[in-house]
Amino acid sequence: MNSFKKVCKVVFKIPKGKVLIYGKIAEISEIKNPRLVGSYLHRNQNPVKIPCHRVVKSDGRLASGYAFGGIKKQKEILIKEGVSFNLKGRIDLKKYLFTSQNCLAD
DNA sequence: CTCTTGACCATGT
DNA sequence: AACATGGCCAAGA
C-alpha cells in the first residue's frame with residue numbers, strides 16, 4: 001500500500017464532528033513530512049470520497065490556500081458538522097481532535 | 001538528473 | 001498570540 005492510499009483511508013475515517021491535523025495523518029500514514037499529506041490531497045482532490053474539510057493545521061486553523069471551495073466554505077461545513085470555531089476562526093483541538101488509532105485497519 | 005516548491009510542524013523570539 | 005527560521009521529503013518543471 002502506498003502512502004497516498006493510507007492518507008485517503010485515514011482521512012476518510014475521520015468521524016463527523018471531529019478534525020485531524022496534517023501532522024497526525026502523516027504520523028499514521030507513516031509519512032515523514034506532513035507537507036506531503038497536504039500535497040497528496042491538493043493534487044488529488046477528491047471531496048466526494050475524501051472529507052478533506054475535516055483536516056486542519058496543528059494550530060487549529062484551516063489550511064491556507066485551500067482549493068476546494070475556499071476557507072469560509074470549509075468553515076461553514078465544519079460548523080454544520082458540529083465543530084465550533086472561536087472568534088479568531090480557530091478550532092478547539094482539545095475537544096475536536098480525532099485521535100485515530102487504527103485507521104489503516106479495514 | 002538538479003532545482004524549486006509545497007493544503008506543514010516545532011521551536012525560538 | 002503572532003512572526004521568523006530551519007527541517008523534512010516527494011512530485012514537477
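Protein chains get the first letters and strands the later ones, always in sequence-line order, with residue 1 at the start of each. Computation of the quantities below employed the complete heavy-atom set of this structure, encompassing side-chain atoms and omitting hydrogens, waters and symmetry-equivalent molecules.
A straight line from CD of A:Glu27 to P of B:dC9 spans 12 Å, rounded to a whole angstrom. Computed from coordinates, the A:Lys57 NZ to B:dT11 P distance equals 17 Å when rounded to whole Å. Rounded to whole Å, the distance from CG on A:Leu20 to P on B:dC8 is 15 Å. Between A:Asn44 atom CG and B:dG6 atom C1' the separation is 16 Å, expressed in whole Å.
Taken together through direct or relayed side-chain contacts under 4.5 Å among Ile, Leu, Val, Met, Phe, Trp and Tyr, A:Ile71 and A:Leu41 form part of one hydrophobic cluster. Under the 4.5 Å side-chain heavy-atom criterion for ILVMFWY residues, a single connected hydrophobic cluster contains both A:Ile79 and A:Val56.
Pairs engaging residues 86-95 of chain A under the side-chain hydrogen bond (donor to acceptor under 3.5 Å, both in side chains) rule: none recorded [sequence neighbours left out].
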> Does the pair A:Lys57 and A:Asp59 meet the rule for a salt bridge (Lys or Arg N to Asp or Glu O under 4.0 Å), with working shown?
Replying inline: CA-CA 5 Å; A:Lys57 300 204 295 185; A:Asp59 293 359; 5.7 Å; no

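Within the 4.0 Å cut-off from OP1 or OP2 of B:dC8, not a single side-chain nitrogen or oxygen of A:Arg61 is found. At least one side-chain nitrogen or oxygen of A:Ser58 sits closer than 4.0 Å to the OP1 or OP2 atom of B:dC9.
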> How would nucleotides 4-13 of chain C be written as a contact map, 5' to 3', with B for base contact, S for sugar-phosphate-only contact and - for no contact, using protein heavy atoms under 4.0 Å?
Replying inline: ----BBSSS-

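Distance from the side chain of A:Arg90 is smallest to C:dA2 among B:dC8, B:dG6, C:dA2.
Taking 4.5 Å as the limit, some side-chain heavy atom of A:Lys16 sits within range of a side-chain heavy atom of A:Arg54.
Side-chain atoms of A:Ser29 and A:Tyr40 form no donor-acceptor pair, as typed in the model, at a separation below 3.5 Å.
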